[in-house]
Amino acid sequence: MDVKTIIPSTRATIMIVGEAPGEVEEKCGMPFVGSDGTTLRKILTQAGIFYGECIITNTSCRRIKTFFLDKKQENPTPDFALQIARLKDEIETLNPNIIVALGAIPLRVLTGLSGLKALRGTIVQSSLVPGKKVLVTYHPKAVTYDWSLFYQSVMDFRKVRHESLNPEFREYKAELKVAPGKQDILQYLDFLYENRKEFVVAIDLEHLTPGAHISWFGISHNENFGMSVRFIENRVQCFPEMDEVEIWASIAKLCSSGIKLVFHNASYDVMNLWHNQGVWCENIHFDTLLSAHVLWPEFPKDLGYLCSILLNVPAWKHTSGNQYEHGEYNAQDAANTRALYDKMSPLIAADENYKVTFEREMAQIELAGYMQLRGVEVDPAQKEALHKEFFEKMTAIETGLSTILKKEINFSSPKQMQELLYVDMGLPVQYKRRKSADDPRVVTTDAEALEKLYIATQDPVLKLLLEYRKYNKILQSINIELSPENKAHTSYNISGTETGRWSSSKSIILDYGSGNLQNVDRRVRKMYRGPANCRLIQADYIGAEAHVVSHLIQDHKVIKAFDDGTDIHKLTASIMFNVPYDEVTPELRTIGKTIRHATNYSAGPAVLQSKLKVTLKVAKEYLTRFQNATPQLALWHEKLRAKLSEDRILVTPLGRKRIFMDRWGDQLFRSAYAFVPQSTIGDLLNISMTDFYEKNKTEKGFGLWMQLHDAIYVWYDQNLDPVPIAQKMLESMHRPIKLPHIDLYIGVDFKEGENWKEMEGLKI
DNA sequence: GATTTTACGTA
DNA sequence: CGTACGTAAAATCT
């Protein structure tokens, strides 16, 4: 039976086209009746579209095995060709203002194009019925499979709603000036400078790798105009030396004039301009990357994606095609960034939480850039010594292993390790711990599995394998390339996480060091240090996340302990094992610490088992005992779940908002439990650090060295007294978290030393 | 050659 | 069935 197109009784402006009916649809004779239909209805509801006012159909109104005869999808099968003709007929008769293509097949049929990912969210002209607008988005089946696509689909349908108001296809008509001559460039820059009080100007750079030398400079003051200055072509300068100097001088004059500047990831562009060209951007007015991060931390944030949901521009994707093409993208990037500013700034301004969070992130741009360019010093002699030490250890184990195993094995190869453990040695196959009960079981040879097998068999080979891999990993973090000044650099990413913590990754501008400086192995930290004749001060928030949790759940015993400066983990152990506080042994304290941490984030017994190296039974017992001692925690978790079921939104005490879009279940809950404490401390530290930077950036004998989620590091001249400097750090870090019932202050602990490893308590 | 998976380091 | 990250090397895809 044919599945009939659903046609509303009044004239419909939106036509939704799926692929082909499935078994269920064919039986009822209705499109989208199964789980895909449920998903589609949910998406439409969220987007403010009534299902009943849409024309709903498929490219084929009966089940179909093969759509096309060829792989290129140019020739439909005879059956499908008839269906396409039927669809064309329906479009012409029903005359909707906009057609939505759900997935790749409708995209192909309606537009003749392919490449769903690149075209998603954009409006293209139909080739089937010329003049008709087609918006491309995911098929609900893809959303049902990967729920994180849900809100992206909602955004697409919001655009559909807007586009359904009229049938006109608007041609993209921006004027793009690519690689103009010197006079044109200077004339435009002068024009911008003359209007510096009124204009908002977007800038975008393209660079060469390695070195991040600027090859194209894109600039736009208006969404319908973009200019791309070509500086380098095929590694050769495009302008005579003096002309290039003149152009850069003009750019520098404009950027330092106080004109409002807009970027997509300012800490990269601004610092590249400064580092490579000495151009200083005085007024970083708006960053579209940061605004996207504040508005939708869970969405993709690249320019192409943002344009697809907020603008009406055709998809323009970056290819490594010819140079001129690259310039066109660059000019369009600048124009689109300028257009995004117009769309995004009202969204930020409309919500107080968005506003404060955005302003806070904007305030971090200069600091993040500064810390990237500054880098951290490494002692080459210490690096060499560490390498020698661990290389010898690794070699010794390698020799031991090769005499026992008699065959060459790459211990870094999961495949070969599986062969060795589960085939040659005949050990019981170990599986990775799953995130959710319905995840598939995956065979593993990771450290946790090896530990488990070692406990069971006491086979020394397992211990050797563990040690070999450990030393091999450490050597990786020692064998890093240093800059000519013996420094390692990292790019601190303000928008790197969904919590507001910074992430740390390889710097494009100064590609030296391990890249991520936030996961450096403790055993190699000895080689990192401050400048010559300087030492380091560390300031970290004490038990920060646990402190926040204790207030959120109103655990008065623990709150009081934090207030009194009692050792919280000792207290935990004392309560759990029912021993007097003063008789808690270090071993018991460790157990208390691990359990508190694990339980706050709803870890299961298997995690405790592997962390504490106890049996599953004992781990379960510990958990039960802790939960009994802290009944408030489960209540709070319940409260969070109730809030999530209401609107899936959580807001932290510092105003950061996050929508939890995962499929309803334990994994979503655990992310939610972790969010508020983790985000609050991340934001608190970044606020404090920015405050410290702004207040002290002109000081000579000390300065910021590193950021580590809940700690900051400062280098200082060893001839100075560290205490007053630590006091300045404390001034910036002693900062209230405003909770409904109290202003919460998190304690700060200080350490001091000559390198990142050897640090000892500093009393202030 | 590009992309995904595995393993593992940090808070 | 802790979350939040990034990277190297191996495995896999095209």
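Below, chains carry the letters A, B, ... as their sequence lines are ordered, and counting in each starts from 1.
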May I ask you to verify if any side-chain N or O of A:Lys435 is less than 4.0 angstrom from the OP1 or OP2 atom of C:dT3? yes

Return yes if the base of C:dC1 and the side-chain atoms of A:Asp666 contain a donor-acceptor N/O pair under 3.5 Å, otherwise no. yes

Please check the phosphate of C:dC1 (OP1 and OP2 only) for any side-chain N or O of A:Arg433 closer than 4.0 Å. no

Can you confirm if the aromatic rings of A:Phe660 and A:Phe675 lie within a centre distance of less than 6.0 Å? yes

For the ring pair A:Tyr673 and A:Tyr601, is the centre-to-centre distance below 6.0 Å? no

From C:dC5, C:dA11, B:dA11, pick the nucleotide closest to the side chain of A:Ser413? C:dA11

Nearest-nucleotide 5' precedence on DNA chain C, A:Asn519 against A:Ser436: A:Ser436

Looking only at side-chain N and O atoms, does A:Lys506 come under 4.0 Å of OP1 or OP2 in C:dG6? no

If you check every side-chain atom of A:Ser412, which of C:dA4, B:dA7, C:dA9 has the closest atom? C:dA9

Could you state the CD-P distance from A:Gln418 to B:dT6, rounded to the nearest angstrom? 9 Å

Looking at A:Thr445, I'd like to know whether one of its side-chain N or O atoms comes within less than 4.0 Å of OP1 or OP2 on B:dA7. yes

What is the distance from CZ of A:Phe660 to P of C:dT3, rounded to the nearest Å? 12 Å

Expressed in angstrom and rounded to an integer, what is the separation of A:Arg522 atom CZ from B:dG9 atom P? 13 Å

Quick one: is A:Ser602 getting a side-chain N or O under 4.0 Å of the C:dC1 phosphate, OP1 or OP2? no

Do A:Tyr713 and A:Gln707 touch side chain to side chain, with heavy atoms closer than 4.5 Å? no

For A:Ser503 and A:Asn493, does a side-chain donor sit closer than 3.5 Å to a side-chain acceptor? yes

4.5 Å side-chain heavy-atom contact, A:Arg525 and A:Arg522: yes

With both distances under 3.5 angstrom, what nucleotide forms a Watson-Crick or G-U wobble pair with B:dT4? C:dA10

Which nucleotide in the list C:dA9, B:dA11, C:dT3 gets nearest to the side chain of A:Arg525? B:dA11

OP1 or OP2 of C:dA10 under 4.0 Å from side-chain N/O of A:Asn410: yes

Mapping A:Pro605 and A:Gln678 onto DNA chain C by nearest heavy atom, which one lands closer to the 5' end? A:Pro605

What I'd like to find out is whether the side chain of A:Leu633 reaches to under 4.5 Å of the side chain of A:Asp555, using heavy atoms alone. no

Of the nucleotides C:dT3, C:dT7, C:dA9, which has the atom closest to the A:Ser505 side chain? C:dT7

Look at the side chain of A:Pro414 and decide which nucleotide, out of C:dA10, C:dA4, B:dG9, has an atom nearest to it. C:dA10

Verify the distance criterion only: is there a donor paired with an acceptor across the side chains of A:Trp715 and A:Glu377 at less than 3.5 Å? no

A:Asp521 side-chain proximity, nearest of C:dC1, C:dA4, B:dG9: B:dG9

Without decimals, in angstroms, what is the distance between A:Glu448 CD and B:dG9 P? 12 Å

Does A:Arg469 put a side-chain nitrogen or oxygen below 4.0 Å from OP1 or OP2 of B:dC8? yes

Could you check which of C:dC1, B:dC8, C:dT3 has an atom nearest any side-chain atom of A:Asp446? B:dC8

Give the nucleotide from the list B:dG9, C:dA9, C:dA4 with an atom nearest to the side chain of A:Gln476. C:dA9

Roughly, in whole Å, what's the span from NZ in A:Lys473 to C1' in B:dT10? 11 Å

Does C:dG6 have its OP1 or OP2 closer than 4.0 Å to a side-chain nitrogen or oxygen of A:Ser503? yes

Between B:dC8, C:dA4, C:dC1, which nucleotide gets closest to the side-chain atoms of A:Ser671? C:dA4

Please confirm whether any donor atom in the side chain of A:Asn516 sits under 3.5 Å from an acceptor in the base of C:dG6, or the reverse. no

Is there a side-chain contact between A:Lys415 and the phosphate of B:dT5, meaning an N or O under 4.0 Å from OP1 or OP2? no

Among the nucleotides B:dA7, C:dT3, C:dC5, which one has an atom lying closest to any side-chain atom of A:Thr497? C:dC5

